[in-house]
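Because the structure is predicted, anything quoted here is derived from the model rather than measured. Position 1 is the first residue of the sequence; numbering continues from there. One-based numbering, in listed order, for ligands and for the atoms of each.
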Amino acid sequence: MNSVRVADIGDYEGQEVRIQGWLYNKRSSGRIYFLIIRDGSGFLQAVAVRGEIPDEQFDLCGALTQESSIVVTGRVRADKRAMGGFELTLTGIDPVQVAEEYPITLKEHGVDFLLDHRHLWIRSPRQHAALLIRNEVIAAAEEWLRTNDFIKLDSPILTPAACEGTTTLFETDYFGEKAYLSQSGQLYVEAGCMAFGKVYCFGPTFRAEKSKTRRHLIEFWMIEPEMAYATQEDNMVVQEQFVAHIVKRCLENRRDELLLLERDLSRLEAVTAPFPRVSYDEAVEMLHSEGREFEWGDDFGAPDEAVISSRFDKPVFVTNYPTKVKAFYMQPEPGRPEVVKCADLLAPEGYGEIIGGSERIHDLELLEERMREHDLPRAGYEWYLDLRRYGSVPHSGFGLGIERTVAWISGSEHVREMIPFPRLLNRIYP
Ligand code: 4AD
Ligand code: MG
């Protein structure tokens, strides 16, 4: 008999099937065992009745511990009360391994304990659901980019130069020379867009952030599209379509997981293009009108972003940040060099920044001047300056942080649970 996936069980009503999985939980009422089996694709209740299966098989059910690996056979029955609408009447059970006492019981555990057992915790329903939503976000993002003619161009992880400031660099030794783990693939996709027009990279990025917040990971995943001959205005139009598509596909394909996480779906259904835009100047006024102390020229913190985004029911672009709080490569606004052509996209409901993007400086001299101001050593950037020497054009791009986006879509407080194995300030295990 071929094995079937729990997710497909509805196609087999009335038939006998075989399922390969693990025992998630069990209950007994004397003559009956209710086994909840998970197989990675879903959860299913199997019912074993004494007298209907051989006694030694029935007694085996009693010996099975949580997370024992088992292969079962049974007949599929529709049952409105059952989760997923189906139940299995057990005809046979074959333990593969009877698990030792499982550390994650169905009672509450502290988060440090759970993070220490992350390799097992990812089996639990809420973690499992969040990681399925992550998978959907990534698939939807790449689907949109490919459908819209973006070429995937991988950027290196080991790099000679900083992209996002020198304070969060992870330094390593590269055969006697200094190298850094990539903070962003942007500089390389800038080269890529001059060769292919529209490109993106997707990979892990690294920031030695000393801050311990709910929104910061040391290693996080970023998807970074970059377009030649594109203005910051073009850039924002791409971003709102891109994000709306990701949300729509999660609503279509991951409804069960969103509901399991108690996500208010109406909040996600509201996320359609276009998105509202406010300038940094207007955002500062909003903060002042709510009585918050904030000085023009500072960067927004998480509470500031929450105040701004709470005024909208869609993600909101905050445009034209002060030049001095942003990276060296951003194009100044004509006639207003104190601000740059950029936008951060803030997710609604206080989830904060999910995208950072900008138009890039395309003039060689201006870029050289900015690099001097930022004290960046020229050696690692000569190739980047070449892009301004040989057919330079206005170009724009952005980076979407996967874990922040998954946290918002799934309605989760912490980015640390939005990645299979988080790297945090004090954690590199497991
Ligand atoms: O705003 P950031 O720093 O922008 C860049 O890196 C640009 N080079 C991207 C580009 O234009 N190609 O980071 C982009 C996004 C943020 O909006 C946020 O979603 C995420 O990356 N991010 C983090 N996510 C988790 N932990 C961290 N420490 C993060 N830092 C940034
Ligand atoms: Mg940013």
For [X], does the [atom1] atom sit with more than 12 other heavy atoms under 6.0 Å from it, leaving out its own atoms?
X	atom1	answer
Y229	OH	no
R81	CZ	no
F196	CZ	no
F421	CZ	yes
K248	NZ	no

Inset, instruction - Looking only at N, O or S atoms, find the one in E353 nearest to the Mg ion (ligand 2) and name it. - result: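 Minimum-distance N/O/S atom of E353 relative to the Mg ion (ligand 2) is OE2.
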[atom]: nearest protein contact (heavy atom, Å):
atom	value
atom 5 (C) of ligand 1	E164 OE2, 3.4 Å
atom 18 (C) of ligand 1	R404 NH1, 3.6 Å
atom 15 (C) of ligand 1	G399 O, 3.7 Å
atom 17 (O) of ligand 1	E353 OE2, 2.6 Å
atom 31 (C) of ligand 1	F220 CZ, 3.4 Å

Inset, instruction - Before signing off on this row, confirm whether L217 and ligand 1 have an N or O atom pair separated by under 3.5 Å. - result: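 It does: an N or O of L217 is found under 3.5 Å from an N or O of ligand 1.
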Inset, instruction - Compute the shortest N/O to N/O distance between I354 and ligand 1 and return yes if it is under 3.5 Å, no if not. - result: yes
Give the numbers and elements of all ligand 1 atoms closer than 4.0 Å to a heavy atom of [X].
X	answer
G356	1 (O), 9 (C), 10 (C), 11 (O), 17 (O)
Y329	7 (C), 8 (N)
S184	6 (O), 8 (N)
R360	10 (C), 11 (O), 12 (N)
E209	28 (N), 30 (N)
M222	6 (O), 13 (O), 14 (C), 15 (C), 21 (O)

Note, [X] side chain near [Y] side chain (heavy atom, < 4.5 Å):
X	Y	value
W408	P315	yes
V137	C250	yes
Y329	M371	no

Legend entry - Option with minimal heavy-atom separation from atom 9 (C) of ligand 1, where the choices are M418, R207, E224: E224
Would you say [X] touches ligand 1, if touching means a heavy atom closer than 4.0 Å?
X	value
E403	no
W221	no
E190	no
R215	yes
I355	yes

Inset, instruction - Look at the side chain of E226 and the backbone N and O of M194, then say whether any donor-acceptor pair between them is shorter than 3.5 Å. - result: no
Where does the angle between the aromatic ring planes of [X] and [Y] fall among parallel (under 30°), tilted (30 to 60°) and perpendicular (over 60°)?
X	Y	answer
Y384	Y381	perpendicular
Y188	W383	parallel
F242	W144	perpendicular
F275	F317	tilted

Inset, instruction - Check each heavy atom of F398 against ligand 1 and say whether those closer than 4.0 Å belong to the side chain, the backbone, both or neither. - result: backbone
